[in-house]
Amino acid sequence: MKEFSKTYDHTKVEGTIYDKWLKSGYFTPENLPRAESRKPYTIIMPPPNANAPSHVGHALGYTIQDILIRFERMRGRKTLWLPGTDHAGFETQVVFEKKLEKEGRSRFKMQREEFYKEIWKYVQENKYISEEAIKRLGASCDWSRNIFTLDPEIVKIVYQTFGQMYKDGLAYRAGRICNWCPKHQTGLSDLETKYEERTEPFYYFKYGPFTIGTSRPETKFGDKYVVMHPKDKRYAKFKSGQKLDLEWINGPITATVVKDEAVDVAFGSGVMTITPAHDPVDFEIAQRHGLEIETIIDKRGRLLPIAGEFAGQKILETRPKIVEKLEKKGLLEKIEEKYKHNVQLCYKCGNLIEPQIVMQWYIKMTEKLPDGRPSLRAMALEALDKKEVEIVTEKFEKIFRHWMENIRDWPISRQIWWGIPIPVWYCGGAEKASGPKMGFAGHIAPEVSNGKIRTYRLRNHNLKTGDRVAFENSQSKLLFGYGVMTTADKKPVGDIQLPDALHGGKYNTTKELIAAFERLHPDRKVTKDTPAWLYTYQFKPFSEQDKKEGCGQIIISSENPKTCPACGGVNLIQDPDTFDTWFSSGQWPFAALMANDAKSNLTLPLLNKERKGEADFQTYYPTQVMETGWDILFFWVARMIMLSYYKTGYKTGKPPFKKVLLHGLVRARDRQKMSKSKGNVTDPLGVIDTYGTDALRFALVFSTAAGNDIPLSEDKIRGMKHFANKLWNIARYVLTNVSIPNSQFPVPKREAKSLPHTVPNALVWGYKLKTITAADREISKKLQATVASVTKNLENFRLHEAAQAIYQFSWHEFADKYIEESKKQLKDEKTKKNTLYTLYFVLTTILKLLHPFMPFVTEEIWSKLDQKEMLMISPWPK
RNA sequence: GGGCGUGUAGCUCAGUUGGUUAGAGCGUUACAUUGACAUUGUAAAGGCCCCCCGUUCGAAUCGGGGCACGCCCACCA
């Protein structure tokens with residue numbers, strides 16, 4: 001019998017227990033004594049952001065995962081919980097830029113290398129802090145396999161996937177309108193923006209014979225198209241293409257009438273002017289009609305020279321001045337002061353999104369693969385249909401499907417520096433195409449060009465030599481060509497002359513090219529009525545260097561290529577962008593395992609033997625459970641399913657994970673979202689200091705169904721601390737019972753399999769049983785029911801019910817009833833031994849049942865029982 | 001506009017496929033207790049399980065409608 005303090009003091013226990021676990025090596029599945037013959041059970045930990053301060057939301061996830069892992073480990077599975085860290089590109093860069101801002105600095109005044117070095121250092125520090133926090137939560141993950149999304153082994157896999165996607169035509173580059181945050185100066189996916197309702201003035205201006213309405217007068221400088229619905233009788237006298245001279249902000253302009261069905265007849269005056277470069281709807285209209293696109297606002301959100309006297313000013317500051325000017329010119333008709341509408345904001349900084357036309361890399365979501373495999377979306381949906389992947393929290397399956405059905409192509413490039421650089425080089429250094437006609441030198445997607453480089457000659461357009469152009473199918477919006485204009489010419493628009501003399505094209509006429517295209521894409525008919533099927537438009541070069549002529553070849557390479565394989569040019573320009581963080585973390589389940597395979601110098605902490613030949617990917621994939629917050633269902637889970645099926649799943653039927661378990665947000669007790677500004681943030685480490693890890697863990701999973709948001713109050717955590725203490729004292733009572741001298745306390749000769757009076761087992765206990773009381777029978781029955789309930793509920797991921805069952809039994813059955821009764825039974829010689837057996841057996845069983853939830857206090861009590869093995873690996877009761 | 005969900009004790013929430021007297025934590029009230037327990041125990045109060053209709057021998061649970069609230073997605077110049 002060891003020392004047993006009157007109350008449980010977590011501060012004295014948690015550190016030593018965690019060290020003991022670490023030293024045991026049992027976090028590493030290969031070290032588990034019973035694991036060899038058993039099936040692997042794998043959970044990949046959602047890698048915390050490298051910038052992240054600890055948050056109870058994270059604590060919830062780690063707790064749930066640790067519960068599952070400890071449960072399965074005790075059940076004899078070969079249990080791997082793989083930890084890692086996410087560089088979290090944009091998120092981390094935003095946090096770091098805020099820090100710079102406080103120091104009066106800015107990334108726009110820094111060299112890229114310098115910036116990267118600093119942020120790397122910052123991330124390393126935070127990574128350590130975050131890992132320590134995970135340890136304090138008691139997480140039994142395999143630290144020997146700890147991995148980071150920027151580890152070279154991961155980057156290599158990410159590059160390989162990208163290259164493969166490019167070859168398959170899934171990854172493509174296009175210049176189209178995208179969400180642009182002027183503060184951070186990067187494009188963002190739709191998921192990275194949010195909407196907010198604003199009440200702002202809505203202005204009506206005179207635009208020649210029309211009245212146009214707008215909430216954004218500052219975008220109106222370049223407006224030279226006036227659009228109305230083709231069936232709007234009020235404007236029937238205006239014909240499509242008709243030119244009108246009229247007075248506008250900075251003097252007289254010529255406007256062109258456009259008829260388009262996108263116009264809502266009922267809204268405003270039914271007439272609008274368009275700003276294609278800064279509005280997605282306008283952009284589409286411009287594309288449909290082949291209109292010129294003019295940029296009004298620069299990447300920083302300031303007006304360009306087209307704005308005349310307003311050039312260089314920030315748009316919001318300029319708005320009233322422009323209205324004033326228009327009013328003075330007599331062009332302001334009226335102002336509707338309280339116009340309610342939604343504005344799109346950057347989800348990080350809350351600044352207005354200013355759509356811009358930028359070259360971005362995209363991943364096709366809905367198009368079949370060239371080898372006949374279904375689209376990424378279809379693969380993911382099929383996985384759900386076949387139940388290869390199951391979303392356990394079932395209400396999210398519907399949400400997931402709904403989102404998938406409306407998915408659009410995913411922009412994966414970001415104009416930020418913190419992240420994995422896009423492994424693409426553009427050949428900008430060799431003069432190849434020449435001749436009297438305007439030429440296009442560049443790349444046409446493999447589906448059209450058969451993967452070879454060709455030079456096509458374009459006739460007449462507004463392009464100048466050196467301009468970058470993209471070819472896009474005006475119907476599918478898919479880009480299939482990209483390159484640089486080479487020489488001037490003046491013939492009609494819209495034709496491509498083939499073959500080109502230089503490369504001996506396979507298609508002799510445009511018709512043939514179209515036919516070839518259509519063979520590949522039977523769903524995309526190209527008709528005579530869509531003359532602009534090869535849509536061309538002009539881009540600003542993305543860098544000065546880019547203006548230099550080259551063959552425009554796109555080279556995908558994980559290492560810096562020295563020369564262009566197509567033309568031999570040496571002036572290769574690396575794509576300046578980085579991948580969306582989710583492009584790399586979307587590959588995490590297989591990448592993390594494969595990368596560990598690639599690390600040859602790993603040694604196992606306990607056995608000190610190399611893990612060679614132990615192919616992690618072979619052994620541990622597919623993983624069993626993906627447990628994460630529902631807020632990243634689309635960001636992450638969807639992408640993991642799609643990318644994993646693309647990479648390893650479709651042919652093998654291997655999903656990245658079999659079950660998806662989603663937990664809710666941890667909220668303050670009044671259901672408010674926790675936020676620093678509200679001052680209601682619960683710091684998990686603070687809670688752990690005061691109440692102990694076990695109390696926090698139990699409070700997090702107790703009495704809230706999976707997937708629901710969890711209101712967490714200090715009262716609740718305190719209550720669970722009381723429970724830990726109760727458990728402690730149950731053990732203290734059993735082990736130090738005053739009336740029984742220590743020497744008489746029975747210690748089982750081997751692991752007892754069941755209660756002695758349900759299946760009498762004298763061999764185990766070395767005693768013959770004498771009198772079994774009603775109380776003994778009762779507690780035995782209840783214990784069995786509890787074991788069954790906890791086991792079943794854990795198997796079904798109903799953690800809250802398992803927790804409730806064990807809590808009820810321990811406190812209100814065992815402590816309140818049986819222990820009270822035992823005080824009498826121990827005084828009677830006839831029932832004494834039997835009572836001791838029962839006390840001991842029930843105690844050890846509830847320690848096991850409770851261990852996944854409250855690992856520290858249970859392991860500590862266990863250590864006082866003179867058991868050979870640690871509780872952590874002791875067999876789960878049946 | 002499209003989709004998903006919630007409504008149960010004063011508060012926060014459980015209630016697996018329909019089945020005794022609907023539960024827990026915290027809070028409240030009374031009593032007991034320093035005895036394994038910075039307490040804990042015993043007991044109590046507190047519920048038209050949002051409303052209406054239906055299915056059923058039987059509904060908090062299933063179906064339809066209504067009311068209230070929340071979330072996600074899309075978005076009109």
Side-chain angles (χ1 to χ4, degrees), chain A residues 4-9 190-191 194-195 197 202-204 212-217 219-220 223 226-228 262-275 278-282 285 339-344 394-408 630-631 633-634 664-665 667-671 698-699 702-705 707-738 789 792-793 796-798 800-801 803-805 807-808 811-812 815-817 819-820 822-823 839 843:
Chain A
F4 225 116
S5 63
K6 207 169 168 191
T7 55
Y8 172 59
D9 184 356
D190 290 342
L191 287 173
K194 57 181 181 182
Y195 288 87
E197 192 173 79
F202 189 75
Y203 307 93
Y204 289 91
I212 56 155
T214 184
S215 59
R216 303 196 60 196
T219 63
K220 295 285 150 195
D223 289 9
V226 58
V227 191
M228 59 216 73
V263 178
D264 181 354
V265 179
F267 187 87
S269 59
V271 180
M272 65 180 190
T273 60
I274 55 168
T275 314
H278 304 290
D279 184 286
V281 176
D282 294 0
I285 293 172
Y339 172 65
K340 271 191 188 173
H341 66 147
N342 284 330
V343 294
Q344 194 182 16
E394 82 188 284
K395 70 172 173 181
F396 290 114
E397 178 163 336
K398 290 178 190 167
I399 295 175
F400 182 87
R401 282 178 182 275
H402 185 252
W403 185 79
M404 287 298 277
E405 274 149 23
N406 295 301
I407 200 168
R408 292 193 289 176
W630 59 256
D631 51 324
L633 179 62
F634 307 142
L665 258 47
R667 292 176 179 270
R669 65 178 308 168
D670 52 2
R671 294 198 65 78
F698 214 68
F702 193 82
S703 146
T704 301
N708 290 351
D709 286 358
I710 294 175
L712 186 69
S713 63
E714 203 162 331
D715 283 345
K716 194 169 175 183
I717 302 168
R718 191 184 300 115
M720 295 311 159
K721 182 191 158 80
H722 289 160
F723 178 55
N725 192 55
K726 185 76 184 180
L727 186 75
W728 182 259
N729 276 287
I730 288 170
R732 187 163 182 257
Y733 168 79
V734 174
L735 299 186
T736 64
N737 193 295
V738 280
S789 157
K792 194 179 157 213
N793 284 317
N796 295 327
F797 307 105
R798 305 171 61 84
H800 62 287
E801 292 218 55
Q804 213 132 352
Y807 180 99
Q808 281 306 310
W811 199 318
H812 300 304
D816 289 355
K817 292 180 188 161
I819 287 185
E820 289 309 314
S822 78
K823 289 172 187 171
L839 285 171
L843 173 66

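For clarity, every value in this text was computed on a predicted model and none was experimentally measured. Residue numbers start from 1 in every chain, and the chains themselves are labelled A, B, ... in the order their sequence lines are given, proteins ahead of strands. Because only heavy atoms are used, hydrogens play no part in the values below, and waters and symmetry mates are left out as well, while side chains stay in.
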Please give, in whole Å, the distance from B:A24 P to A:Tyr807 OH? 11 Å
Any strand counts, and the cut-off is 3.5 Å on both contacts for Watson-Crick or G-U wobble. Which nucleotide pairs with B:G5? B:C69
Watson-Crick or G-U wobble mate for B:U55, both contacts under 3.5 Å: none
Check every strand shown and say whether A:Gly664 touches a base, only sugar-phosphate, or nothing at a heavy-atom separation below 4.0 Å. nothing
Tell me: CG of A:Asp631 to C1' of B:C4, nearest whole Å? 16 Å
I want to know whether A:Phe396 and A:Phe400 have ring centres closer than 6.0 Å. no
Indicate yes or no: at least one non-hydrogen side-chain atom of A:His722 is less than 4.5 angstrom from one of A:Arg718. yes
Write down the distance between CD (A:Glu801) and P (B:A24), rounded to a whole number of angstrom. 14 Å
Please state the C1' separation for the pair B:A43 and B:A60 - nearest whole angstrom. 28 Å
Are A:His800 and A:Ile710 close enough that some pair of their side-chain heavy atoms sits under 4.5 Å apart? no
Any strand counts, and the cut-off is 3.5 Å on both contacts for Watson-Crick or G-U wobble. Which nucleotide pairs with B:U12? B:A24
Would you indicate what A:Asp282 reaches in the nucleic acid, counting non-hydrogen atoms under 4.0 angstrom: base, sugar-phosphate, or nothing? nothing
Just checking A:His278: base, sugar-phosphate only, or nothing, at a heavy-atom cut-off of under 4.0 Å? nothing
Tell me: CE of A:Met720 to P of B:G25, nearest whole Å? 9 Å
Could you tell me which residues satisfy salt bridge (charged side-chain N to carboxylate O under 4.0 Å, His left out) with A:Arg401, sequence neighbours excluded, listed by chain and number? A:Asp385, A:Glu397
Can you tell which of B:C37, B:C71, B:C4 lies closest to the side chain of A:Ile399? B:C4
Please list, pair by pair, any protein nitrogen or oxygen found under 3.5 Å from a nitrogen or oxygen in nucleotides 38-40 of chain B.
from	atom 1	to	atom 2	distance (Å)
B:A38	N6	A:Thr7	OG1	2.7
B:U40	O3'	A:Lys726	NZ	3.3

For A:Asp190, check side-chain hydrogen bond (donor to acceptor under 3.5 Å, both in side chains) against everything at least two apart and list the hits. A:Asn179, A:Arg408
Ranking B:A36, B:A77, B:C76 by distance to the side chain of A:Ile730, first place goes to B:A36
Closest nucleotide among B:A14, B:C26, B:A77 to the A:Gln804 side chain: B:A14
Tell me which nucleotide among B:C71, B:A77, B:C37 gets nearest to the side chain of A:Tyr339. B:A77
Which part of the nucleic acid does A:Ala815 contact within heavy-atom distance under 4.0 Å: base, sugar-phosphate only, or nothing? base
C1' spacing across the pair B:G70 / B:C50, given as an integer number of angstrom: 15 Å
Watson-Crick/G-U partner (both atom distances under 3.5 Å) of B:G41: B:C31
By side-chain hydrogen bond (donor to acceptor under 3.5 Å, both in side chains), A:Arg216 pairs with (sequence neighbours left out) A:Glu218, A:Glu354
Picking from B:A36, B:A74, B:G25, which would you name as closest to the side chain of A:His812? B:G25
Closest to the A:Arg798 side chain, choosing from B:C37, B:G15, B:A77: B:G15
Test side-chain hydrogen bond (donor to acceptor under 3.5 Å, both in side chains) applied to A:His402 - qualifying residues, sequence neighbours left out: none
Nearest-angstrom distance from the residue atom CE of A:Met404 to P of B:A74: 14 Å
Check whether any side-chain heavy atom of A:Ile274 lies under 4.5 Å from a side-chain heavy atom of A:Asp279, and answer yes or no. no
Considering only atom C1', compute the distance from B:U16 to B:G23 and round it to an integer number of Å. 15 Å
Determine the Euclidean distance between corresponding P atoms of B:U20 and B:G1; express it in Å to zero decimal places. 43 Å
Please confirm whether any donor atom in the side chain of A:Glu820 sits under 3.5 Å from an acceptor in the base of B:A36, or the reverse. yes
What is the separation between atom CD on A:Gln344 and atom P on B:A77, rounded to the nearest whole Å? 11 Å
Using a 4.0 Å heavy-atom cut-off, does A:Phe634 contact any base of the nucleic acid, only the sugar-phosphate backbone, or nothing at all? sugar-phosphate
Could you check whether A:Val263 gets within reach of a base, just the sugar-phosphate, or nothing at all, counting any heavy atom under 4.0 Å? base
Pick base, sugar-phosphate or nothing for A:Asn708, based on heavy-atom distances below 4.0 Å to the nucleic acid. sugar-phosphate
Write down the distance separating the C1' atoms in B:G7 and B:C52, rounded off to the nearest Å. 16 Å
Once salt bridge (charged side-chain N to carboxylate O under 4.0 Å, His left out) is applied, do any residues pair with A:Lys220, and if so which ones, sequence neighbours excluded? A:Asp223
Can you tell me how far C1' in B:G25 sits from the matching atom in B:G18, rounded to whole Å? 28 Å
Counterpart residues, salt bridge (charged side-chain N to carboxylate O under 4.0 Å, His left out), relative to A:Lys398 (two or more places apart): none
Could you tell me the separation between the CD atom of A:Glu397 and the C1' atom of B:C72, rounded to a whole number of Å? 16 Å
Can you say whether the rings of A:Trp403 and A:Phe634 are parallel (under 30°), tilted (30 to 60°) or perpendicular (over 60°)? parallel
Any base atoms under 4.0 Å from A:Gly719, or only sugar-phosphate, or nothing? Heavy atoms, all strands. nothing
Just jot down the side-chain hydrogen bond (donor to acceptor under 3.5 Å, both in side chains) partners of A:Tyr204, sequence neighbours excluded, or say none. A:Glu336
Side-chain contact check for A:His800: nearest option of B:A77, B:C73, B:A14 is B:A14
Assign A:Ile274 to base, sugar-phosphate, or nothing according to its heavy-atom contacts below 4.0 angstrom with the strands shown. nothing
Dump every N/O contact between nucleotides 5-7 of chain B and the protein below 3.5 Å, one line per pair.
from	atom 1	to	atom 2	distance (Å)
B:G5	OP1	A:Lys398	NZ	3.0

Between B:U56 and B:U61, how far is it from one C1' atom to the other, in whole Å? 13 Å
Take the protein atom CE of A:Met228 and the nucleotide atom C1' of B:A77, then report the distance between them rounded to whole Å. 13 Å
